Amino acid sequence: MAITAEQIVKDNNLQHIVKVYHCPVESVQLPEKVDVIISEWMGFYLVHESMLQSVLTARDRHLKPDGLMLPTKANIYAVPVSLHDFRREKIDFWDKVVGFDMRAVQEQVWAEAMSAPLIE
């Protein structure tokens with residue numbers, strides 16, 4: 001994304017105003033605080049890629065007190081769902097496999113499945 005952002009800056013003759021940094025925010029050293037921080041930190045479900053802490057670090061280290069963070073807000077919505085087919089195919093499968101009690105695997109698979117969002 002940084003390479004694309006640099007091209008947009010160049011295409012709009014903004015090199016004298018906009019500087020794009022292509023590195024982790026935790027390692028960037030800026031000569032002064034900035035007016036605007038633009039970041040695509042949300043990923044899937046707003047928190048899936050765990051970038052929120054990096055954005056907060058950037059804000060705290062580099063943004064002027066009256067600076068602007070973009071995007072300025074985000075919404076997350078949750079609804080109940082039923083995953084009968086998923087449970088039957090991925091979890092319940094391990095009850096008995098070729099006559100063997102495999103419930104120990106079933107517990108591991110369930111724990112792993114519930115530890116991260118299901119993105120298909």
Side-chain angles (χ1 to χ4, degrees):
M1 186 54 94
I3 293 168
T4 302
E6 286 173 338
Q7 188 62 49
I8 292 168
V9 168
K10 183 179 177 185
D11 291 347
N12 290 280
N13 298 314
L14 296 171
Q15 302 93 313
H16 63 290
I17 298 172
V18 177
K19 169 80 172 140
V20 176
Y21 290 88
H22 191 191
C23 62
V25 71
E26 293 81 5
S27 65
V28 71
Q29 298 294 319
L30 301 178
E32 61 184 297
K33 297 229 178 210
V34 298
D35 298 308
V36 179
I37 295 176
I38 302 170
S39 177
E40 187 283 304
W41 59 270
M42 292 173 242
F44 292 103
Y45 312 119
L46 297 180
V47 295
H48 179 64
E49 294 173 3
S50 301
M51 295 298 296
L52 180 59
Q53 188 58 50
S54 292
V55 172
L56 296 177
T57 297
R59 179 199 64 193
D60 296 345
R61 288 185 188 172
H62 304 300
L63 190 63
K64 290 180 180 177
D66 60 344
L68 179 64
M69 296 278 297
L70 295 174
T72 59
K73 70 176 187 171
N75 297 316
I76 188 166
Y77 300 95
V79 297
V81 297
S82 176
L83 298 172
H84 295 293
D85 291 341
F86 173 82
R87 173 134 188 140
R88 187 183 70 252
E89 293 170 13
K90 307 289 187 191
I91 310 300
D92 294 345
F93 165 82
W94 294 101
D95 280 340
K96 288 250 186 228
V97 179
V98 197
F100 291 97
D101 182 344
M102 300 291 283
R103 285 179 290 182
V105 174
Q106 183 183 52
E107 292 169 14
Q108 273 188 298
V109 171
W110 180 252
E112 185 177 319
M114 294 298 105
S115 69
L118 176 63
I119 303 167
E120 290 187 355

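The model shown is predicted, which means the values in this text are computed figures rather than measured ones.
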Undergrad: Is it the case that one hydrophobic cluster holds both Y77 and L83, taking links as side-chain heavy atoms less than 4.5 Å apart, direct or via other members?
TA: no
Undergrad: So which heavy atom on S39 is nearest to which on P71, and how close?
TA: O-CD, 3.3 Å
Undergrad: Would you confirm whether R61, through its side chain, and E26, through its main-chain N or O, come within 3.5 Å as a donor-acceptor pair?
TA: yes
Undergrad: Same cluster for V109 and F100 if Ile/Leu/Val/Met/Phe/Trp/Tyr side chains link at under 4.5 Å?
TA: yes
Undergrad: So which atom in P31 and which in Y21 form the shortest heavy-atom distance, rounded to 0.1 Å?
TA: CD-OH, 4.3 Å
Undergrad: Could you walk me through whether W94 and E107 pass side-chain contact (heavy atoms from CB on, under 4.5 Å), step by step?
TA: CA-CA 9 Å; W94 294 101; E107 292 169 14; over 6 Å; no
Undergrad: Taking V36 as the starting point, is it possible to reach L30 by hopping between hydrophobic residues whose side chains are less than 4.5 Å apart?
TA: no
Undergrad: Hey, what do you get for CD1 (I38) to CG (L68), rounding to the nearest 0.5 Å?
TA: 8.0 Å
Undergrad: Would you say CD of Q29 has more than 12 non-hydrogen atoms from neighbouring residues, nucleotides or ligands within 6.0 angstrom?
TA: no
Undergrad: I'd like to check R59 versus L56 (side-chain heavy atoms, cut-off strictly below 4.5 Å). Are they in contact?
TA: yes
Undergrad: Closest heavy-atom contact between D60 and K33?
TA: O-NZ, 3.5 Å
Undergrad: Are there over 12 heavy-atom neighbours, none belonging to Q108, within less than 6.0 Å of that residue's CD?
TA: no
Undergrad: Decide if atom CE of M114 counts as having more than 12 heavy atoms of other residues, nucleotides or ligands within a radius under 6.0 Å.
TA: yes
Undergrad: Which heavy-atom pair separates M69 from V55 by the least distance, and what is that distance?
TA: CE-CG1, 3.1 Å
Undergrad: Any chance CD of E112 has more than 12 other-residue heavy atoms, nucleotides or ligands included, within less than 6.0 Å?
TA: no
Undergrad: Does any non-hydrogen side-chain atom of D95 lie less than 4.5 Å from one of M102?
TA: no
Undergrad: Atom NZ of K96 and atom CZ of R103: how far apart are they, to the nearest 0.5 Å?
TA: 6.5 Å
Undergrad: Determine whether D92 and Q106 satisfy the following criterion, side-chain contact (heavy atoms from CB on, under 4.5 Å), listing intermediate values before the conclusion.
TA: CA-CA 7 Å; D92 294 345; Q106 183 183 52; 3.8 Å; yes
Undergrad: Atom OG1 of T57 and atom CG of L52: how far apart are they, to the nearest 0.5 Å?
TA: 9.0 Å
Undergrad: Which heavy-atom pair separates V28 from C23 by the least distance, and what is that distance?
TA: CB-SG, 3.8 Å
Undergrad: Assigning hydrophobic clusters by single linkage (Ile, Leu, Val, Met, Phe, Trp, Tyr; side-chain heavy-atom cutoff under 4.5 Å), is I3 placed with I8?
TA: no
Undergrad: Do I37 and L70 come within less than 4.5 Å of each other through their side chains, counting heavy atoms only?
TA: no
Undergrad: Are the side chains of V34 and K64 in contact, using a 4.5 Å heavy-atom criterion?
TA: no
Undergrad: Side-chain heavy atoms nearer than 4.5 Å, only ILVMFWY residues, links allowed to pass through others: does that put V9 and I17 together?
TA: yes
Undergrad: Just checking, K90 and F93: is the charged tip under 6.0 Å from the six-membered ring centre and within 45° of the axis?
TA: no
Undergrad: Using the test side-chain hydrogen bond (donor to acceptor under 3.5 Å, both in side chains), find all partners of S82 that sit at least two apart in sequence or belong to another chain.
TA: H84
